[in-house]
Amino acid sequence: MTANNSPHVLLVDDEPAFGDVLARRLRRRNIRVTHALDGDTALRMLLNNEFSAVLLDLKMSGISGLEILNVLSRMVPDVPVIMISGHADQETVAHCLANGACQYLPKPCDADEIVSIITRMQKN
């Protein structure tokens, strides 16, 4: 949790419209959201900020979500990563979960479900 006791989530998704809508829905539920449109920006933000969780899109231009997940598992191993995608098969989901993701959610994501997952993770 952050100083004001509200979770701070890094949303990494290269679709601005989807990210804006999801961020707005999460903010209505008292979740602070920082949106990165690409992996390079996300990694820089992780160096300079403290996050409660990362919502990470699987398929992005440039650095893929899987590549970012591999870096995150070494860089910030205590920060939970929730993978999100509209294009994942069971093998890819299993790979994400085996390599550091704590959860996989299909797009479009339900904001209440995300809040529930983050709340549950904060209690552990």
Side-chain angles (χ1 to χ4, degrees):
M1 294 280 186
T2 57
N4 68 0
N5 230 16
S6 176
H8 187 192
V9 172
L10 176 60
L11 170 60
V12 187
D13 194 302
D14 62 350
E15 296 177 49
F18 172 81
D20 290 345
V21 168
L22 182 57
R24 193 170 38 251
R25 289 179 178 163
L26 292 172
R27 288 180 184 124
R28 283 189 205 131
R29 290 157 178 86
N30 201 33
I31 304 285
R32 293 189 311 135
V33 179
T34 299
H35 183 194
L37 292 170
D38 60 68
D40 290 328
T41 302
L43 294 174
R44 280 194 304 278
M45 288 177 170
L46 280 159
L47 287 174
N48 299 312
N49 298 281
E50 186 176 318
F51 294 97
S52 306
V54 176
L55 290 170
L56 178 58
D57 188 21
L58 182 62
K59 304 241 184 203
M60 296 187 294
S61 58
I63 301 174
S64 75
L66 285 176
E67 292 172 299
I68 296 168
L69 177 62
N70 290 332
V71 173
L72 291 178
S73 64
R74 293 187 309 272
M75 190 172 136
V76 286
D78 295 335
V79 176
V81 178
I82 302 167
M83 298 299 295
I84 57 176
S85 181
H87 308 287
D89 55 42
Q90 291 294 19
E91 184 178 320
T92 304
V93 171
H95 180 78
C96 291
L97 295 173
N99 286 282
C102 66
Q103 187 82 35
Y104 165 80
L105 297 173
K107 282 183 176 180
C109 305
D110 179 67
D112 289 328
E113 184 175 9
I114 292 169
V115 171
S116 175
I117 293 167
I118 292 168
T119 302
R120 213 172 36 247
M121 290 186 300
Q122 296 300 312
K123 291 179 181 177
N124 292 335

Closest approach of [X] to [Y] (non-hydrogen atoms, all atoms of both residues):
X	Y	answer
Ala53	Met121	CB-CE, 4.1 Å
Met60	Asp13	SD-CA, 3.9 Å
Leu10	Ala36	CD1-CB, 4.2 Å
Pro80	Cys102	CB-SG, 3.9 Å
Phe18	Cys109	CZ-SG, 4.2 Å

**Item:** Hydrophobic cluster identity match, Val12 and Leu37, side-chain contacts under 4.5 Å
**Value:** no
Measure the shortest side-chain to side-chain distance between [X] and [Y] over non-hydrogen atoms and say whether it is less than 4.5 angstrom.
X	Y	value
Ile82	Leu55	yes
Asp57	Leu11	no
Asp38	Ser61	no

Kindly write out the residues that satisfy side chain to side chain contact (heavy atoms under 4.5 Å, CB included) with [X], not counting sequence neighbours, or none if the list is empty.
X	result
Val79	Val54, Val76
Asn49	Met45, Phe51
Ala101	Leu69, Met83, Cys96, Leu97
Ile31	Pro7, Val9, Leu26, Val33, Val115

**Item:** Pairs touching residues 20-31 that satisfy side-chain hydrogen bond (donor to acceptor under 3.5 Å, both in side chains), sequence neighbours left out
**Value:** Arg29-Asp112
**Prompt:** Tell me the side-chain hydrogen bond (donor to acceptor under 3.5 Å, both in side chains) pairs involving residues 69-86, sequence neighbours left out?
**Reply:** none
**Message:** With rounding to the nearest 0.5 angstrom, report the CD1 to NZ distance, Ile84 to Lys59.
**Reply:** 14.0 Å
**Item:** Gap separating the CG atom of Leu105 from the CG atom of Leu56, nearest 0.5 angstrom
**Value:** 12.0 Å
**Request:** Could you pull out all residues at least two apart from Glu67 that satisfy salt bridge (charged side-chain N to carboxylate O under 4.0 Å, His left out)?
**Result:**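 Partners of Glu67 under the salt bridge (charged side-chain N to carboxylate O under 4.0 Å, His left out) test: none.
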**Request:** Enumerate the residue pairs fulfilling salt bridge (charged side-chain N to carboxylate O under 4.0 Å, His left out) with a member in residues 93-105, sequence neighbours excluded, ordered by first and then second residue.
**Result:** none
Just jot down the side chain to side chain donor-acceptor pair (under 3.5 Å) partners of [X], sequence neighbours excluded, or say none.
X	result
Asn99	His95
Glu15	Lys107
Asp89	Thr92

